[in-house]
Amino acid sequence: MPANLATMAFRFGNGLPSPEGAATDVASMLALLAGPDQITARHKGAGFASVLPMLAKVEETRLAQRQDPSQKPRYIAMLETSDAAAIAGAQVTVARALDNPDGFRERLIRFWADHFSVSARNRREYLLPGTLIEDAIRPHLTGGFADMLQAVTLHPAMLVFLDQVQSVGPASTLGKRRDRGLNENLAREVMELHTLGVEAAYGQQDVRQLAELLTGLALDWSKGFVFDPRRAEPGAETVLGVSYGTDGLEPITQVLSDLAMRPETAGHIARKLVVHFVSDSPDPALVANVRAAYLNTGGDLMAVYSALLEHPAAWVDDAQKARQPYDFIVSSLRALGVTGDALLGAGKRPFRRFVISPLEAMGQSLRGPGGPDGWPEDVADWINPAGLAARINWAMDVPARLIPDLPDPTALAARALGPLASDRLLWAVTRAESVREGVGLVLASAEFNRR
């Protein structure tokens, strides 16, 4: 196996061995990505519309038990139903990563889900992060960034997570009647995290004006996303020197499109992509190449991905990045021969035990990061004593519980690492006291945990 194929699988995919039909070079990577998202037909996910009746029932029983404590058991039962659906959604996510020959697609989806981070802050929200990915990220993965930005910003999961559902224009009909006020969370994160970046030249007045423009975005538990004119701040708002003066959704989609086209946004997105996939200390020429592709095409994401993959600096074989816990577990399962179908067939209890709980121990909950800025990228945030201990424990303990017959450790090293396996690791593996320990050495090795 050529070293560049191993680098491709580690840096831009979900590890070795590559599934049948996987890309063998940059051209085939881009061709797969430009084609249909076929894995969604094999492992079906749930968007917001399909889970809305369940979410509405959870909200209904929550309000009922506040008025009548005897209704609490119904509320708890609904929460448990919602929990089970959220776990099923997480299983589908991992199954897709295991089975999809288009590994770059799955990695990009993880990148954008982190860029537009949404977390479940309580049990009522467990289902929401997955629906954002299903509705707003996967369908727009290869289109224009402006389209993805609009879909994400208007999605109920984002409106709930950043408290936009609480925001009311102070001078709006509802604001004057109920003395309710503005919430700037969504406006601030759209500018600071999703588009321009924290170092861009915008001020508090721009944030407030955007927050006023976003009023009207709301959630109806019987319909989903709605625009409520009673909440919308009347009059024109000026963001970065541009006035947006019409009513309804049109000025909101326009300001999002304008933010997406800003040079600062191009630079912010380019650097984040390079940092995530290639290096915590990104090559300036590579970042510049990705930024130029963004600006030259108006944010066409396929052109952006091409600029990333086709630059020589993206293929420097130095393994500077750490596999994050989710990537570690997915890659370990793939190396051990666990398929998505087998994972789904095993049920929810093993998934909790061998995936959900270990991820939390490693510091990366499937329910999302602690804040809207997403997961950290630096190696030191993941390769530390606590994180390493959790990985080693998983590597030494879980494989024997997952599969009845462990593979020969030397064969596993060849399958999971290819030319990346060092002589030192192979020497240690051949001298392991047991097959279980040898397998653990491979999965806990520096070679397996870096990319």
Side-chain angles (χ1 to χ4, degrees), residues 14 37-59 77-100 102-103 105-141 148 151-152 155-161 219 221 224-225 324-327 329-330 333-334 338-360 364-369 374-375:
N14 285 305
D37 186 4
Q38 295 183 349
I39 199 69
T40 55
R42 180 173 174 183
H43 300 309
K44 298 183 184 300
F48 186 81
S50 65
V51 302
L52 179 57
M54 185 183 303
L55 293 170
K57 195 67 175 177
V58 169
E59 182 66 7
M78 280 307 306
L79 285 177
E80 290 174 350
T81 300
S82 176
D83 291 350
I87 292 173
Q91 284 181 283
V92 167
T93 297
V94 176
R96 287 170 172 174
L98 289 173
D99 290 348
N100 198 349
D102 188 0
R105 182 186 299 272
E106 298 304 318
R107 287 288 309 284
L108 283 169
I109 287 166
R110 290 285 297 175
F111 168 81
W112 289 115
D114 188 63
H115 180 76
F116 295 111
S117 283
V118 168
S119 300
R121 297 169 297 184
N122 54 60
R123 292 178 71 185
R124 302 196 310 277
E125 299 177 5
Y126 282 177
L127 278 168
L128 292 179
T131 66
L132 179 77
I133 295 171
E134 206 70 23
D135 298 333
I137 293 177
R138 289 196 86 102
H140 297 286
L141 190 69
M148 184 188 290
V152 167
H155 195 275
M158 187 64 74
L159 301 181
V160 169
F161 178 59
L219 175 61
W221 288 108
F225 166 74
Q324 294 184 8
Y326 175 87
D327 301 325
I329 287 185
V330 167
L333 293 174
R334 175 175 284 180
V338 178
T339 65
D341 290 324
L343 183 83
L344 293 171
K348 295 179 178 61
R349 182 173 293 180
F351 188 74
R352 283 181 185 270
R353 185 176 182 185
F354 300 134
V355 178
I356 293 178
S357 295
L359 279 174
E360 290 174 351
Q364 193 171 42
S365 170
L366 273 178
R367 292 186 168 81
W375 298 110

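Here the structure is a predicted model, which means the values were calculated and not measured.
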(message) With rounding to the nearest 0.5 angstrom, report the CH2 to CG distance, Trp221 to Leu52.
(response) 7.5 Å
(request) For Phe161 and Arg121, work out which heavy atoms get closest and say how close. (result) O-NH1, 3.1 Å
(request) For Asp37 and Arg138, indicate whether the former's side chain and the latter's backbone hold a donor-acceptor pair under 3.5 Å. (result) no
(request) Would you check if Arg42 and Asn100 make a side-chain contact, meaning some heavy-atom pair closer than 4.5 Å? (result) no
(request) With the side chain counted from C-beta on, respond yes when Val58 and Arg123 share a heavy-atom pair under 4.5 Å apart, and no when they do not. (result) no
(message) Quick one, Leu366 and Phe351 - any side-chain contact, counting heavy atoms below 4.5 Å?
(response) yes
(message) Distance check, rounded to the nearest 0.5 Å: Gln38 atom CD versus Asp102 atom CG?
(response) 9.0 Å
(request) Flag the pair His43 / Asp341 as yes when at least one side-chain heavy-atom distance between them is below 4.5 Å, and no otherwise. (result) yes
(request) Of all the heavy-atom pairs spanning Ala120 and Pro129, show the shortest one and how long it is. (result) N-CG, 3.9 Å
(message) Would you say that Tyr126 contacts Leu79 through its side chain, given a criterion of any heavy-atom pair below 4.5 Å between the two side chains?
(response) no
(message) If the threshold is 4.0 Å, N to carboxylate O, is there a salt bridge linking Arg96 and Glu134?
(response) yes
(message) Testing the basics here: between Ala157 and Val118, what is the closest heavy-atom pair and its distance to 0.1 Å?
(response) O-CG1, 3.8 Å
(message) Looking at every heavy atom in both Pro358 and Arg353, which two are closest together, and how far apart are they?
(response) CD-O, 3.2 Å
(message) Using 0.5 Å steps for rounding, measure from the OG1 atom of Thr339 to the CG atom of Leu344.
(response) 8.5 Å
(request) Please work out which of the three classes, parallel, tilted or perpendicular, describes the rings of His155 and Phe48, given edges at 30° and 60°. (result) perpendicular
(request) Would you mind reporting whether His140 and Trp112 have side-chain heavy atoms less than 4.5 Å apart? (result) no
(message) So, taking the atom named CE in Met54 and the one named CE in Met78, what distance separates them when rounded to the nearest 0.5 Å?
(response) 6.0 Å
(request) Look only at the side chain of Gln91 and the backbone of Gly347, and say whether a donor-acceptor pair between them is shorter than 3.5 Å. (result) yes
(message) Can you tell me which residue among Ile137, Thr131, Ile133 is in a side chain to side chain contact (heavy atoms under 4.5 Å, CB included) with Asp135?
(response) Thr131
(message) Once you measure the plane-to-plane angle for Phe111 and His115, does it fall in the parallel (<30°), tilted (30-60°) or perpendicular (>60°) bin?
(response) parallel
(request) State, to 0.1 Å, how close Asn14 and Ala97 come at their nearest heavy-atom pair, and which atoms those are. (result) ND2-O, 3.5 Å
(request) Measure across Ser82 and Leu127 and return the closest heavy-atom pair with its distance rounded to 0.1 Å. (result) OG-CD1, 3.5 Å
(message) Donor-acceptor check, side chain of Asn122 to backbone of Glu125, threshold 3.5 angstrom: yes or no?
(response) yes
(message) Nearest 0.5 Å, please: how far is CG in Leu128 from CG in Leu55?
(response) 5.5 Å
(request) Would you mind checking if Glu360 and Arg367 are paired as a salt bridge, meaning a charged N to carboxylate O distance below 4.0 Å? (result) yes
(request) Nearest 0.5 Å please: distance from the CD atom of Gln324 over to the CG atom of Asp114. (result) 7.0 Å
